[in-house]
Participant: 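Got a structure for you, questions after.
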Amino acid sequence: MEYHFKTIEKKWQRYWQENDTYRVEINREKPKYYVLDMFPYPSGAGLHVGHPLGYIASDIHARYKTLKGFNVLHPMGYDAYGLPAEQYAIRTGQHPAVTTARNIERYREQMDKLGFSFDWNREVRTCDPSYYKWTQWMFIRLFNSYYSLDEERARPIEELERRLAILGTEGLEAACTTDLAFSAEEWNRKTWREQQEVLMNYRIAYLSETLVNWCPRLGTVLANDEVREGLSLREGYPVVQKKMRQWLLRVSAYAGRLLEGLDSLKWSESLKEVQRNWIGRSRGADIFFEVEGSSERIEIFTTRPDTIFGATFMVLAPESKYTALLTTPEEEANVRAYLDYAAKRTERERQSEVKRVTGVFTGSRALNPFTGEAIPVWVSEYVLSGYGTGAIMAVPAHDARDHAFARHFGLPIIQVIDDGEGHDVQEASHDAKRGVLVNSGFLNGMPVEEAIRAVIEDVERCGIGEGKVNYRLRDAIFSRQRYWGEPVPIYYREGMPCPLDESLLPLELPEIDAFLPTETGEPPLGRAKGWVTAEGYPLELDTMPGFAGSSAYYLRYMDPRNDREFVSREALDYWESVDLYVGGAEHSTGHLIYARFWNMFLYDVGLSKTPEPFRELINQGMIQGRSSFVYRLLTSRDGTTWEATSLYVSREIARETERLGKEWRQALLPRLEAGELEGVEAVSFQELHVDVNLVKNDLLDMEAFRAWGPEYAGARFVTEDGRYACGYGIEKMSKSLFNVVNPDTLVEEYGADTLRMYEMFLGPLEASKPWDTRGIDGVYKFLRKFWRLFHPVEEFSVSDEEPTREELETLHKTLKKVEQDMECFSFNTSVAAFMICANELTAARCNKRKVLEPLVVALSPFAPHVAEELWQGLGHGESVTRATFPRWDERYLAKEEIEYPVSFNGKVRFRLSVPLSASAAEIEERAKQAPAANKWLEGKTVRKVIVVPGKMVNIVVG
RNA sequence: GCCCGGGUGGCGGAAUUGGUAGACGCGCUGGACUCAAAAUCCAGUGUCCCUUAAAGACGUGCGGGUUCGAUUCCCGCCCCGGGUACCA
């Protein structure tokens, strides 16, 4: 009986569905284990072979953990809100809900074919009202909280209100947008509206007028992680900075905890490093500079307070509040012109012209608190308003940007650090991280580190500044001027935002007539009829961003059908948090920061059990496409104008032709009909992408190519012995490059079990690697070989004979390797171990039950369908998923003799078998007396012998 | 620029703690079976020298070092991939 994967896979997929095999419930008898995949955004293109890589890996691990006796939670769902569906709706008028549902159906079909052990009873969709009800509910919790810096955690906003009524802001340590100071009496005199304004300054979800990334083409604002190099990440549309009133989440309040939390996580060092950089902690000092003839003081942040004696001017960001305050009447016109210029520049222009130096003098002078010098205050766009205080002290001798500015405007440059390497700071700045201070008064002679401490101490004593830690991480903009997202559960009373009552949730997304902004420029929700509360208050028109629905979905999976609570106490206590999270590294600075922040907030308010949501994380590598090319012959009669022909030349002949240059006729003419290419002066080739599905093992299916498109119908081929070989290149897997390999076709041709194992066999899980279908035969052969072990004579037949010592060694060696690999996700070497095992058992013609039965269980995480079929054949009534992972036994692996490599002066010369019990001295003697040793010892003296028990022997002769 | 990864046969990739480099698979070559093909099985397959074999030499990006011994550790370069950037 042949291995007929189609019948087998269909049979068991139906069995699993009918028996609800993968349903999982709370079971206190067993330890829990939570394996989570990053849920997909269901795009219209469906899955390609790169997408399931992580799902296959997590599925293998989940199945393994089940066999090891864990109660495994392994859910799947859809991140269903998003811009592509809305953009598609704008173009076609189709409701995003309709296209999204259709895409989800297709995703589900594709996933089902791969035999995953997801508990689909727990599926969630972020666009489902029963799900986003809780997203909105959590938003209200964020709105009703502030961040206490004393306690380092979120607290209810009522607590703050009570406090303000008694003490005012006296001694208040809370994360806020701007520092406020008022007394309790002042607070109590404020109107409701004024009090709401004040509270908004402290809320964790808050409304604020800030500079945001505005994308005019998309008509919405974007978060920092959605913008790269001044363009929107997904579509590449330009983004400009614009001041708008927006919802934000006070992520920055959690910066310190987000940074520290990383240490406890079992994530890759590189991913942690990316997060550390994104959070961007830097130690330094805030220092005040007095302004000549003004009561204003400029507060700056610097990481290098030691260089303060070298600060010869100051620079403000164009958007800084000091800019207006310090501009003198004489300079006003200049400054205004500069601000106009800066405001018009897009983010992209700013970044692409980094080297261009621009700026304007405000007319004011500040006093360097250490030198007492009056130094000019300038405005320049190279200082960013969003970082530090939006103002800097410029030290041109030791900062490249300050140096360029000083040179351009002729400002003085004073060296204050000397590292003994003789830098000329007038010529180029020197970022001196080491060295001693010079020209710096009382700091002279101190090393950098010491000087930093001394300056901070000094400014603190004089009350003109303090040591400070700054973070690059900024608050997350939470508003989107879009339709296809969660409505924000807020209404406006007297223009002030108020949360909806929880009983009114979910606030369902209304139907609208077109998915575009209104004529007055309001977001799409402005089109909704009756978008007001029962009392007639207007509802918020912005919707939530993509990360809202994906920031706590892992908690909802624990109790997805609960309509009274987000997640029950019971479910939370049992499942706690995710033990293993698998997904792409593209979420390093977006989702994985937001989800950690969100979870930390939930932890603060008692809705999550652990401060970190994902204990261990694996980033599966990207699978790149392997594009195929054909070479179309171009001809030229005059050497300048080229003409395309219908001739396609096989790879090696094309290469040969190009190599020959002027002698090209030698390569081509013998292969063409007589008279062809007559009068042609020169030839060249056009490399064309060809659909990889027309190519097998780099050979082109020429008939299929002719049928591929009308322009190829008349194609003629110059072949190598009748075969047309294509060229190839590694590129991103994309429709436009015709290199997308669809898992469905491979499942059709080889079966899901083969595809699963092959994807694991490609290479290390975390490495990016190109997809190459050519190797899949090897895995397919393995499965057929394994299958044949059970079918030595057509029929299923296993023997009850006792296995030999060798067979047991093979078995236990394999079990040990597979188990160890499972724990560290080294699936590619596990597949190799199975192949070796099958080869050895085939050679031994072993079909013994005692060997094969444990192997079926061990193989089942990789190839669940075939494992089920064989398990049933072995006479088991229950699914193999109920089996226990077989134990391996060291006794079958222990050898009586050990083979030592014996080397002379480090080069291995022969091998020597020695009883396991031999002592180091005995091994040495045997090595020296071995007949093979004579040749190497002859006429030489032994200087030294090194014996590493269990490893090797090295004899040093001379 | 800065911060992370990584560089091993024709290809994808193995190699535990510093101890037989190249597991396993693909590809290729030869053979068996077959009328033939497919499928399957067996053997070979880093480079050089060589008719072949034995034996030898060389070999993990480059140059040096530590060591009895280095793909592995240290120093200095080169190249590739990813992240990030007027962040003071």
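Just so we're clear, the structure is a prediction, and the values are computed from it rather than from any experiment. In what follows, chains are A, B, ... by sequence order, proteins preceding strands, each numbered from 1.
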Participant: A:Ile392 side chain: which of B:U84, B:A39, B:A88 is closest?
Facilitator: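 Ranking B:U84, B:A39, B:A88 by closest atom to the A:Ile392 side chain puts B:A88 first.
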Participant: Rounded to the nearest Å, what distance is computed from the CD atom of residue A:Glu381 to the C1' atom of nucleotide B:C87?
Facilitator: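 One finds 16 Å between C1' of B:C87 and CD of A:Glu381, rounded.
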Participant: Do the side chain of A:Thr307 and the main chain of A:Gly310 share a donor and acceptor less than 3.5 angstrom apart?
Facilitator: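 Between the backbone of A:Gly310 and the side chain of A:Thr307 there is no qualifying donor-acceptor contact (under 3.5 Å).
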Participant: Take A:Asp399 and A:Asn905, find for each the nucleotide of RNA chain B with the closest heavy atom, and name the residue whose nucleotide sits nearer the 5' end.
Facilitator: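 The 5'-side residue here is A:Asn905.
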Participant: If you measure only the distance, is there a donor-acceptor pair under 3.5 Å linking the side chains of A:Tyr338 and A:Thr358?
Facilitator: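 Yes, because at least one side-chain N or O of A:Tyr338 sits under 3.5 Å from a partner of the opposite role on A:Thr358.
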Participant: Quick one: A:Trp787 CH2 to B:U40 P, roughly how many Å, whole number?
Facilitator: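 Rounding to the nearest Å, CH2 of A:Trp787 and P of B:U40 are 16 Å apart.
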Participant: Parallel, tilted or perpendicular for A:Tyr3 and A:Tyr780, by the 30°/60° rule?
Facilitator: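 Tilted, since the angle between the ring planes falls between 30° and 60°.
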Participant: At under 4.0 Å between heavy atoms, what does A:Leu762 touch on the DNA or RNA strands: base, sugar-phosphate, or nothing?
Facilitator: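 Touches sugar-phosphate only.
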Participant: If you look only at pairs with a residue in residues 311-321 of chain A, which of them pass as a salt bridge (Lys or Arg N to Asp or Glu O under 4.0 Å), with sequence neighbours excluded?
Facilitator: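 Output for this query is empty, none listed.
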Participant: Just verifying a value: how many Å separate A:Asp286 CG and A:Lys468 NZ, rounded to the nearest 0.5 Å?
Facilitator: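 Rounded to the nearest 0.5 Å, the CG-NZ separation comes out at 4.5 Å.
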Participant: Between protein and nucleotides 18-29 of chain B, map the contacts as a letter string: B base, S sugar-phosphate only, - none, heavy atoms under 4.0 Å, written 5' to 3'.
Facilitator: -BB--BBSS---
Participant: Can you list everything that forms a side chain to side chain contact (heavy atoms under 4.5 Å, CB included) with A:His408? Sequence neighbours excluded, please.
Facilitator: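 Residues passing side chain to side chain contact (heavy atoms under 4.5 Å, CB included) with A:His408: A:Val357.
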Participant: Send over the distance from A:Trp267 CH2 to B:G83 P, rounded to a whole Å.
Facilitator: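 From A:Trp267 CH2 to B:G83 P: 17 Å.
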Participant: Between CG of A:Asn619 and CH2 of A:Trp267, what distance do you get to the nearest 0.5 Å?
Facilitator: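 Rounded to the nearest 0.5 Å, the CG-CH2 separation comes to 9.0 Å.
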Participant: Is the ring pair A:Trp378/A:Phe405 parallel, tilted or perpendicular, if the boundaries are 30 and 60 degrees?
Facilitator: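 Ring orientation, 0 to 90° scale: perpendicular.
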Participant: Which of residues 269-280 of chain A sit near RNA chain B, with a heavy atom under 4.0 Å from it?
Facilitator: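 Contacting residues: A:Ser270, A:Glu273, A:Val274, A:Asn277.
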Participant: Hey, is the side chain of A:Lys769 poking within less than 4.0 Å of OP1 or OP2 on B:G12, counting only N and O atoms?
Facilitator: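 Result: no.
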Participant: Take atom C1' in B:U66 and the same atom in B:C87, then report the distance between them in whole Å.
Facilitator: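 After rounding to an integer number of Å, I get 41 Å for this pair.
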Participant: Please state whether the phosphate of B:C41, meaning OP1 or OP2, lies under 4.0 angstrom from any side-chain nitrogen or oxygen of A:Arg788.
Facilitator: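 Yes.
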Participant: Determine the Euclidean distance between corresponding P atoms of B:G18 and B:U72; express it in Å to zero decimal places.
Facilitator: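 Their P atoms lie roughly 11 Å apart.
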Participant: How many Å lie between CD on A:Gln624 and C1' on B:G12, as a whole number?
Facilitator: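 Between C1' of B:G12 and CD of A:Gln624: 12 Å.
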Participant: Using the P atom as the point on both nucleotides, what is the distance between B:U71 and B:U34, in whole Å?
Facilitator: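 Their P atoms lie roughly 49 Å apart.
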Participant: Please list, one pair per line, the donor and acceptor atoms closer than 3.5 Å that link side chains of residues 830-841 of chain A to other protein atoms, with sequence neighbours excluded.
Facilitator:
| from | atom 1 | to | atom 2 | distance (Å) |
| --- | --- | --- | --- | --- |
| A:Ser830 | OG | A:Asp821 | OD2 | 3.0 |
| A:Asn839 | OD1 | A:Lys785 | NZ | 2.6 |
| A:Asn839 | ND2 | A:Met835 | O | 3.4 |
| A:Glu840 | OE1 | A:Thr810 | OG1 | 2.8 |
| A:Glu840 | OE1 | A:Lys813 | NZ | 3.3 |
| A:Glu840 | OE2 | A:Lys813 | NZ | 3.1 |

Participant: Regarding A:Tyr382 and A:Asp402, do their side chains bring together a donor and an acceptor under 3.5 Å, going by distance alone?
Facilitator: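 A pair is found: one side chain offers a donor N or O, the other an acceptor, under 3.5 Å apart.
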Participant: If we take the C1' atom in both B:U8 and B:A14, what is their distance in whole Å?
Facilitator: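 So the two C1' atoms sit 10 Å from each other.
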Participant: Nearest-nucleotide wise, let me know which of A:Glu2 and A:Ser385 is further upstream toward the 5' end of RNA chain B.
Facilitator: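 Per heavy-atom nearest nucleotide, the more 5' residue is A:Glu2.
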Participant: Run the side chain to side chain contact (heavy atoms under 4.5 Å, CB included) test against A:Glu2 and tell me which residues pass, sequence neighbours left out.
Facilitator: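 A:Glu2 satisfies side chain to side chain contact (heavy atoms under 4.5 Å, CB included) with A:Arg784 once adjacent residues are dropped.
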Participant: Quick test of your reading: applying salt bridge (Lys or Arg N to Asp or Glu O under 4.0 Å), list the pairs with at least one residue in residues 391-400 of chain A, sequence neighbours left out, ordered by first then second residue.
Facilitator: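 Found A:Asp399-A:Arg401.
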Participant: Starting at CZ of A:Arg943 and ending at P of B:G69, how long is that distance when rounded to a whole Å?
Facilitator: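 Taking atom P of B:G69 as the reference, CZ of A:Arg943 is at 13 Å.
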Participant: Expected output is a numbered-order residue list: members of residues 815-822 of chain A with a heavy atom under 4.0 Å from any atom of RNA chain B. What is it?
Facilitator: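 Nothing qualifies; none.
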Participant: Taking atom C1' of B:A88 as reference, at what distance in whole Å does atom CZ of A:Phe289 sit?
Facilitator: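 Whole-Å distance recorded here is 12 Å.
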Participant: Checking all strands, does A:Pro770 fall into the base, sugar-phosphate, or nothing category for heavy-atom contacts under 4.0 angstrom?
Facilitator: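 Result for A:Pro770 = nothing.
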Participant: Which part of the nucleic acid does A:Arg281 contact within heavy-atom distance under 4.0 Å: base, sugar-phosphate only, or nothing?
Facilitator: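 Nothing, no heavy atom under 4.0 Å.
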Participant: Please report the distance, rounded to the nearest Å, between CG in A:Leu783 and P in B:A39.
Facilitator: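 Checked: the CG to P distance equals 17 Å.
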Participant: Mind checking what makes side chain to side chain contact (heavy atoms under 4.5 Å, CB included) contact with A:Arg276, not counting sequence neighbours?
Facilitator: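 Applying side chain to side chain contact (heavy atoms under 4.5 Å, CB included) to A:Arg276 gives A:Leu259, A:Leu262, A:Asp263, A:Glu269, A:Lys272, A:Glu273.
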Participant: Taking the same atom, C1', in B:A39 and in B:C33, what whole-Å distance lies between them?
Facilitator: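 Their C1' atoms lie roughly 11 Å apart.
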Participant: Using the C1' atom on both, measure B:G9 against B:G61 and round to a whole Å.
Facilitator: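 That atom pair is separated by 15 Å.
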Participant: Using atom CD of A:Glu586 as one end and atom C1' of B:C4 as the other, report the distance to the nearest whole Å.
Facilitator: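 That distance rounds to 17 Å.
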Participant: With sequence neighbours left out, what residues match A:Arg774 under side chain to side chain contact (heavy atoms under 4.5 Å, CB included)?
Facilitator: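 Result, side chain to side chain contact (heavy atoms under 4.5 Å, CB included) vs A:Arg774: A:Arg626, A:Asn697, A:Asp698, A:Asp772.
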Participant: In whole Å, what separates the C1' atom of B:A70 from that of B:G31?
Facilitator: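 These two C1' atoms come out 41 Å apart once rounded.
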Participant: Minimum heavy-atom separation for A:Val947 and A:Ile923, please, with both atom names.
Facilitator: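 Closest pair (atom of A:Val947, atom of A:Ile923, distance): CG1-CG2, 4.1 Å.
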Participant: Between A:Tyr387 and B:A88, is there a side-chain N or O to OP1/OP2 distance below 4.0 Å?
Facilitator: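 The answer is yes; a side-chain N or O of A:Tyr387 sits under 4.0 Å from OP1 or OP2.
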Participant: For the side chain of A:Thr303, counting heavy atoms from C-beta on, which of B:A88, B:C68, B:G56 is nearest?
Facilitator: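 Closest of the options to the side chain of A:Thr303: B:A88.
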Participant: For RNA chain B, write out the stems as range with range, using runs of 3 or more consecutive Watson-Crick or G-U pairs with both distances under 3.5 Å.
Facilitator: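 RNA chain B forms these stems: B:1-7 with B:78-84, B:10-12 with B:24-26, B:27-32 with B:40-45, B:46-48 with B:56-58, B:61-65 with B:73-77.
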Participant: Just confirming the chi classification of B:G31, syn or anti, using 90° around 0 as the syn window.
Facilitator: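 Base orientation: anti.
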Participant: For B:G64 versus B:C58, give the span between their P atoms, rounded off to a whole number of Å.
Facilitator: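 It comes out at 15 Å once rounded to the nearest Å.
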Participant: Counting distance alone, no hydrogens or angles: does the base of B:C87 have a donor or acceptor under 3.5 Å from a partner atom on the side chain of A:Arg474?
Facilitator: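 Side chain to base: pair found, below 3.5 Å.
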Participant: Would you list the pairs meeting salt bridge (Lys or Arg N to Asp or Glu O under 4.0 Å) in which at least one residue belongs to residues 375-385 of chain A, sequence neighbours left out?
Facilitator: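 Only A:Arg345-A:Glu381, A:Arg350-A:Glu381 qualify under salt bridge (Lys or Arg N to Asp or Glu O under 4.0 Å).
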